[in-house]
Amino acid sequence: FVSASATPVIEAEVMMFPTSSLNKLAMVGFAYLPNGVNQDLAAPPLGIYFMVSSTSKLDSSIHRNWRAMIKRDNNPYSAASTTADLGVASSTGQFQKLRLEVTANFATFIIDGEVRANIALASTHYQGFTTSMMPFISMANTASATVAGNGAASGPTDLYVGSMKFWMR
């Protein structure tokens, strides 16, 4: 939906739901969801976005900090994916302004007006995104607990969204 020379920008004010025993995964950014991809995945297989987990392990440790995610396939640890800790914990007490700007060469991750990462995009990362990315905000429950054994995730998986803006520059 965008030309290769355009810079898509998403800006959202978000706040995590106060503490819960569930593993919650919040994402804000751009996703590429080609036909046939299961939209119910915890995280999009392709995209450039902010991600935070309330309690789940994203790698060898627990991450409550916002992370920059650039995924080129369904494996966040593959060579085609990039992740970076942005050094800012998610908040349950006040809204945080997340802004993501994507050019043909860089993805810039900004939290509360401060640039937290400016990640170079390899051509393999950006290929296909220019025409197929869409802005998204998502909250997923990664816990295996279910209610009454019916397969439904138990408990709240809330992400408060104060505002969301999307534009091209």
Side-chain angles (χ1 to χ4, degrees), residues 1-2 6-20 22-33 41-78 80-122 125-126 129-130 132-143 156-169:
F1 72 2
V2 300
T7 300
V9 179
I10 186 171
E11 185 175 274
E13 292 182 334
V14 297
M15 179 173 52
M16 295 287 286
F17 186 79
T19 58
S20 166
L22 294 177
N23 296 333
K24 297 179 290 182
L25 191 63
M27 295 155 285
V28 175
F30 297 104
Y32 172 58
L33 301 169
L41 296 171
L46 303 169
I48 302 172
Y49 49 90
F50 289 92
M51 183 168 72
V52 68
S53 175
S54 61
T55 57
S56 69
K57 292 185 177 187
L58 298 177
D59 50 35
S60 62
S61 60
I62 293 176
H63 290 287
R64 290 182 180 89
N65 282 356
W66 285 103
R67 297 178 68 78
M69 293 296 295
I70 301 173
K71 289 181 67 179
R72 186 67 187 129
D73 60 27
N74 204 25
N75 180 354
Y77 309 112
S78 75
S81 296
T82 302
T83 181
D85 189 327
L86 299 176
V88 177
S90 61
S91 173
T92 59
Q94 65 183 20
F95 282 96
Q96 293 174 298
K97 186 180 287 187
L98 308 179
R99 180 174 170 149
L100 175 57
E101 300 178 6
V102 180
T103 68
N105 300 312
F106 292 95
T108 303
F109 293 82
I110 303 164
I111 299 178
D112 292 329
E114 183 179 339
V115 174
R116 304 303 297 188
N118 195 23
I119 300 173
L121 296 175
H125 282 137
Y126 201 70
F129 288 169
T130 55
S132 303
M133 277 196 306
M134 60 185 235
F136 82 109
I137 295 178
S138 179
M139 189 70 177
N141 180 355
T142 61
T157 56
D158 294 341
L159 178 69
Y160 299 126
V161 179
S163 67
M164 177 184 168
K165 302 174 193 172
F166 167 73
W167 68 94
M168 306 296 298
R169 56 176 195 101

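K165 is not listed as a side-chain neighbour of R99, based on a closest heavy-atom distance of 4.5 Å or more. Contact of the E11 side chain with the W167 side chain is registered, since non-hydrogen atoms from C-beta on lie closer than 4.5 Å. Proximity of E101 to F106: side-chain heavy atoms (C-beta onward) are nowhere separated by under 4.5 Å. Two residues are said to be in side-chain contact when any heavy atoms from C-beta on lie closer than 4.5 Å; V88 and F50 fail this criterion. Looking only at side-chain heavy atoms (C-beta outward), I70 and L121 come within less than 4.5 Å of each other.
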Next on the checklist: Run L46 and K71 through side chain to side chain contact (heavy atoms under 4.5 Å, CB included) and show every step you take.
Outcome noted: CA-CA 5 Å; L46 303 169; K71 289 181 67 179; 5.8 Å; no
Checklist entry - Are M16 and L159 close enough, and set up right, to give a side chain to side chain contact (heavy atoms under 4.5 Å, CB included), and what steps lead you there? => result CA-CA 5 Å; M16 295 287 286; L159 178 69; 3.8 Å; yes
Checklist entry - How far apart are the C-alpha atoms of L98 and Y49, what are their side-chain angles, what is the distance that settles it, and do they pass the side chain to side chain contact (heavy atoms under 4.5 Å, CB included) test? => result CA-CA 10 Å; L98 308 179; Y49 49 90; over 6 Å; no
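A donor-acceptor distance shorter than 3.5 angstrom exists from the side chain of R116 to the backbone of L86, with no hydrogens or angles considered. A donor-acceptor distance shorter than 3.5 angstrom exists from the side chain of Q96 to the backbone of A89, with no hydrogens or angles considered. In this structure, D112 contributes its side chain and K97 its backbone to a donor-acceptor pair below 3.5 Å.
One distance of note links CE of M27 with CE of M139; it measures 8.5 Å at 0.5 Å rounding. One distance of note links CG of N105 with CG of N118; it measures 10.0 Å at 0.5 Å rounding. We find the CD1-CD1 distance between I48 and I10 to be 12.0 Å, quoted to the nearest 0.5 Å. Atom CZ of F109 sits about 5.0 Å away from atom CD1 of I119, to the nearest 0.5 Å.
The minimum heavy-atom distance linking W66 with S90 is given by the pair NE1-CA, 3.6 Å. Nearest heavy atoms, F95 versus G162: CE2-N, 3.3 Å. Across all their heavy atoms, Q94 and M15 have their closest contact at N-SD, 3.3 Å.
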